[in-house]
Amino acid sequence: MQKIFFKKNKLIENSLFFAIFLIFLDSYQIFQIPFSWIGSSILLLIAFFLYFNEKISFNLAIVIVYLIAIIPTLVNFFNSEYDMRYLVLRIFSFSSFTFILYVLVKTSESKLILKSLKKAYYSVFIISIYTYFAQIFNLYEPQRNRPGTGILGFDVQANFWIYSSHRMVGTFREPIFLVSILFPAFLVLHYNQKNSNIFYIISGVLFGLTKSELVLIFIIGTFVLDLILKETTIKNL
């Protein structure tokens with residue numbers, strides 16, 4: 001019985017890691033299908049499994065909040081000029097996000113989620129460091145599904161240049177995408193686990209090399225919150 005329980009947990013952990021890792025591969029695709037879409041689909045299947053396996057139930061307050069939040073999108077049903085395919089996709093995306101978030105908050109497998117998230121976080125850091133130096137030393141870098149924000153249609157992937165400063169983009173299309181998606185992951189790990197100095201050094205390098213003003217705002221906000229919670233240590237600094 002214990003062996004079956006261990007195997008089930010290991011399967012959930014590995015599946016979660018794979019799903020989160022694919023979601024973090026924001027700028028890559030296979031057969032015109034973004035890896036992030038594949039990862040999100042796998043994560044949705046895991047959420048369904050946990051939902052039925054643990055018999056998780058929704059409370060009325062969550063349903064009401066969801067319905068209120070989806071109203072602005074549903075209004076477009078009455079707009080004849082709006083493409084219904086995008087509307088259905090948007091509703092599905094929003095509903096999936098709400099369902100996944102609720103299940104992951106309610107599940108008893110929170111330790112497995114945190115463990116999988118940290119493994120994916122470290123994996124993305126390794127790839128990000130490589131791609132950063134690939135752009136400095138003209139090394140191989142996989143083709144991105146959108147190289148970056150181009151001007152006048154000149155949106156071509158450039159792995160190497162010498163005329164300007166480099167910014168960390170990692171597995172994302174823009175430095176700000178890296179910050180917007182990975183910093184929340186950092187916060188989850190920061191406030192839910194005892195992390196080593198290495199974790200904070202890696203995070204500092206990862207976010208610092210983006211040279212993003214957004215990350216500066218996030219870090220100051222986090223530091224102020226840690227001061228209020230009296231959780232400031234040398235690791236935070």
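Everything quoted here is computed from the prediction, not taken from an experiment.
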Of the non-hydrogen atoms in Y122 and S196, which two are nearest, and what is the gap between them?
OH-OG, 4.3 Å

Is it the case that more than 12 heavy atoms not belonging to I181 sit under 6.0 Å from its CD1 atom?
yes

Hey, what do you get for CD1 (I91) to OG (S96), rounding to the nearest 0.5 Å?
11.5 Å

What is the distance from atom CD1 of I62 to atom CG of L67, rounded to the nearest 0.5 Å?
11.5 Å

L104 side chain near E109 side chain, heavy-atom distance below 4.5 Å:
no

Taking NZ in K111 as the centre, count heavy atoms belonging to other residues, nucleotides or ligands within less than 6.0 Å. Is the count above 12?
no

Check the angle between the aromatic planes of Y121 and F199 and answer parallel, tilted or perpendicular using the 30° and 60° thresholds.
tilted

Rounded to the nearest 0.5 Å, what separation is found between the CD1 atom of I126 and the CG atom of L206?
11.5 Å

Common cluster, L209/I217, ILVMFWY with side-chain heavy-atom separation under 4.5 Å:
no

Can you find a pair of side-chain heavy atoms, one from I64 and one from I68, that are under 4.5 Å apart?
yes

Hydrophobic cluster membership, I127 vs Y130, 4.5 Å side-chain cutoff:
yes

Answer whether the closest heavy-atom distance between the side chains of F58 and Y51 falls below 4.5 Å.
yes

So which pairs with a foot in residues 21-34 pass salt bridge (Lys or Arg N to Asp or Glu O under 4.0 Å), sequence neighbours left out?
D26-R173

So, taking the atom named CD1 in I100 and the one named CG in L43, what distance separates them when rounded to the nearest 0.5 Å?
4.0 Å

Measuring from K115:NZ to S110:OG, what's the distance to the nearest 0.5 Å?
13.0 Å

Would you call the rings of Y66 and F94 parallel, tilted or perpendicular, where under 30° means parallel and over 60° means perpendicular?
parallel

Say whether L182 and I220 are linked into one hydrophobic cluster, either directly or through other cluster members, by side-chain heavy-atom distances under 4.5 angstrom.
no

State whether the side chain of T131 and the backbone N or O of S128 hold a donor-acceptor pair below 3.5 Å, judged by distance alone.
yes

Under 3.5 Å donor-acceptor, N9 side chain and L112 backbone
no

Here the pair of heavy atoms bringing T107 nearest to E54 is OG1-OE2, 2.7 Å

Using residues 11-20 as the side-chain source, report each donor-acceptor pair under 3.5 Å to any protein atom, sequence neighbours left out, with the distance given to one decimal.
from: E13; atom 1: OE2; to: K119; atom 2: NZ; distance (Å): 3.4
from: N14; atom 1: ND2; to: K10; atom 2: O; distance (Å): 3.2
from: S15; atom 1: OG; to: L11; atom 2: O; distance (Å): 2.7

Atom pair CZ/CD1 of F31 and I38 - distance to nearest 0.5 Å:
9.5 Å

Are the side chain of S93 and the backbone N or O of L89 linked by a donor-acceptor pair below 3.5 Å?
no

Taking R167 for the side chain and T210 for the main chain, is one N or O donor matched with an acceptor at less than 3.5 Å?
yes

Is there a donor-acceptor pair closer than 3.5 Å between any side-chain N or O of Q135 and the backbone N or O of H166?
no

Kindly indicate whether the side chain of S212, heavy atoms from C-beta on, has any atom under 4.5 Å from the side chain of M168.
no

Quick one: are V205 and Y132 in side-chain contact, heavy atoms under 4.5 Å?
no

Write out all pairs satisfying side-chain hydrogen bond (donor to acceptor under 3.5 Å, both in side chains) with one or both partners inside residues 29-40, taking only residues at least two apart or from two chains.
none

How about F35 and T171: do any of their side-chain heavy atoms sit closer than 4.5 Å?
no

L117 vs F24, test: side-chain contact (heavy atoms from CB on, under 4.5 Å). Steps then yes/no.
CA-CA 10 Å; L117 180 61; F24 286 165; 4.1 Å; yes

Same cluster for L60 and I71 if Ile/Leu/Val/Met/Phe/Trp/Tyr side chains link at under 4.5 Å?
no

Nearest heavy-atom neighbours spanning E141 and Y28
OE2-OH, 4.1 Å

Do I56 and Y102 have side-chain heavy atoms sitting under 4.5 Å apart?
yes

For the residue pair F186 and F207, categorise the inter-ring angle as parallel (less than 30°), tilted (30 to 60°) or perpendicular (more than 60°).
perpendicular

Taking the ring of F48 and the ring of F99, is the distance between their centroids below 6.0 Å?
yes

Audit row: I70, T98, side-chain contact (heavy atoms from CB on, under 4.5 Å) steps and yes/no
CA-CA 11 Å; I70 201 75; T98 306; over 6 Å; no

Does the N53 side chain pair with the main chain of F49, one donor and one acceptor, at a distance under 3.5 Å?
no

Do F133 and V169 belong together in a cluster built from hydrophobic side chains that touch within less than 4.5 Å?
no

Does the separation of the ring centres of Y200 and H190 fall below 6.0 angstrom?
yes

I want to check something: taking the side chain as every heavy atom from C-beta on, are L50 and K106 in contact at a cut-off of under 4.5 Å?
no

Carefully, step by step, assess F172 and V179 under the rule side-chain contact (heavy atoms from CB on, under 4.5 Å).
CA-CA 9 Å; F172 300 85; V179 174; over 6 Å; no

